[in-house]
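If you read the sequence from its start, that first residue is 1, and numbering goes on from there. Predicted model only: the values in this text are computed from it and were never measured.
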Amino acid sequence: MPPWQPNWNDVAFDQAKATQAASQCRTSAATLDTILGGRSRLEATDHWTGGYQVQYAEEEPALFGALSNLRSDLLDLARRIEAGAREAAAEQTRREDQRELWRDERDREEAGTGGRAPAAR
């Protein structure tokens, strides 16, 4: 038996759920794009007067700023989820490669050829 052991555990990561989560983040960001794009179409406020118009005028910039920040955060989260999914897949591939290398070494030892394969592998 080779004197080392690979990690025999698979990476515990649900790629389908990660893809779904990233997609939902992007869908939500697109919804916010629609809302933010509609901001200029608030024509009813052109003829609006009174206390609620003043309150809206005061609060509207902060509201739309928060929505814009949320949109950016959702897109950033989608990118981070996708990066994590790529890293998990790469780690799973690395583990599988190490398992195969270990099996190759074991098979050579059992066949009497011993040791690791040449570095050109």
Side-chain angles (χ1 to χ4, degrees):
M1 290 290 179
W4 61 283
Q5 288 289 319
N7 187 335
W8 294 103
N9 298 313
D10 286 338
V11 173
F13 190 86
D14 191 326
Q15 293 285 343
K17 285 183 181 177
T19 299
Q20 181 181 18
S23 177
Q24 288 175 343
C25 287
R26 290 187 191 288
T27 298
S28 296
T31 299
L32 291 174
D33 278 338
T34 301
I35 292 168
L36 292 166
R39 177 182 188 181
S40 63
R41 293 191 302 263
L42 297 176
E43 297 169 9
T45 61
D46 292 345
H47 308 289
W48 191 7
T49 60
Y52 290 121
Q53 186 276 335
V54 171
Q55 181 182 359
Y56 179 82
E58 290 172 354
E59 294 178 9
E60 186 260 352
L63 172 64
F64 281 93
L67 291 176
S68 181
N69 289 340
L70 178 57
R71 178 197 168 278
S72 295
D73 290 347
L74 285 165
L75 293 174
D76 182 55
L77 180 57
R79 284 188 291 272
R80 289 185 295 147
I81 290 169
E82 291 164 343
R86 286 189 302 275
E87 290 173 18
E91 175 62 16
Q92 181 64 30
T93 298
R94 187 190 69 75
R95 290 180 186 192
E96 290 170 0
D97 290 347
Q98 288 294 305
R99 293 173 198 164
E100 186 63 30
L101 180 60
W102 186 90
R103 287 183 189 105
D104 289 347
E105 286 186 30
R106 180 201 58 202
D107 292 348
R108 280 192 304 280
E109 286 179 10
E110 289 175 357
T113 59
R116 291 182 177 236
R121 185 182 195 302

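Taking CD from Gln24 and CG from Leu77, the interatomic distance works out to 11.0 Å, rounded to the nearest 0.5 Å. Note: Trp102 CH2 to Asp107 CG = 8.5 Å, rounded to the nearest 0.5 Å. Taking CG of Asn69 as the start and CG of Asp76 as the end, the distance is 12.0 Å to the nearest 0.5 Å. Here the straight-line distance linking atom CZ of Arg80 with atom CD of Glu87 works out to 12.0 Å at 0.5 Å rounding. Arg86 CZ to Ile81 CD1: the interatomic distance, rounded to the nearest 0.5 Å, is 11.5 Å. A distance of 6.5 Å separates CG of Asp97 from OG1 of Thr93, quoted to the nearest 0.5 Å.
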Query raised in the report: Are Leu75 and Cys25 close enough, and set up right, to give a side chain to side chain contact (heavy atoms under 4.5 Å, CB included), and what steps lead you there?
Result: CA-CA 6 Å; Leu75 293 174; Cys25 287; over 6 Å; no

Report task. Apply side chain to side chain contact (heavy atoms under 4.5 Å, CB included) to Gln15 and Gln92, showing your working. Result -> CA-CA 12 Å; Gln15 293 285 343; Gln92 181 64 30; over 6 Å; no

Query raised in the report: Would Leu67 and Arg71 satisfy side chain to side chain contact (heavy atoms under 4.5 Å, CB included), going step by step from the backbone distance to the final call?
Result: CA-CA 6 Å; Leu67 291 176; Arg71 178 197 168 278; over 6 Å; no

Report task. Please report the C-alpha distance between Glu91 and Arg94 in whole Å, then the side-chain angles of each, then the deciding distance to 0.1 Å, and finally whether the salt bridge (Lys or Arg N to Asp or Glu O under 4.0 Å) criterion is met. Result -> CA-CA 5 Å; Glu91 175 62 16; Arg94 187 190 69 75; 2.7 Å; yes

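Ring geometry for Trp48 versus Tyr56: interplanar angle of 30 to 60°, hence tilted.
The shortest side-chain heavy-atom distance between Arg103 and Glu100 falls under the 4.5 Å cut-off. In this structure, Glu110 and Glu105 have side chains that are not in contact, with every pair of non-hydrogen atoms separated by 4.5 Å or more.
Under the 4.5 Å side-chain heavy-atom criterion for Ile, Leu, Val, Met, Phe, Trp and Tyr, Leu36 and Leu74 are members of the same hydrophobic cluster. Linking ILVMFWY side-chain heavy atoms closer than 4.5 Å, directly or via other members, places Ile35 and Leu70 in a single hydrophobic cluster.
Between the side chains of Gln98 and Trp4, no donor-acceptor pair of N or O atoms lies under 3.5 Å.
Between the side chain of Ser23 and the backbone N or O of Thr19, no donor-acceptor pair lies under 3.5 Å. The closest donor-acceptor contact from the side chain of Arg95 to the backbone of Trp8 lies at 3.5 Å or more, if one exists at all.
Scanning all heavy atoms of the two residues, the minimum distance from Ala18 to Ala85 falls at CB-CB, 4.2 Å.
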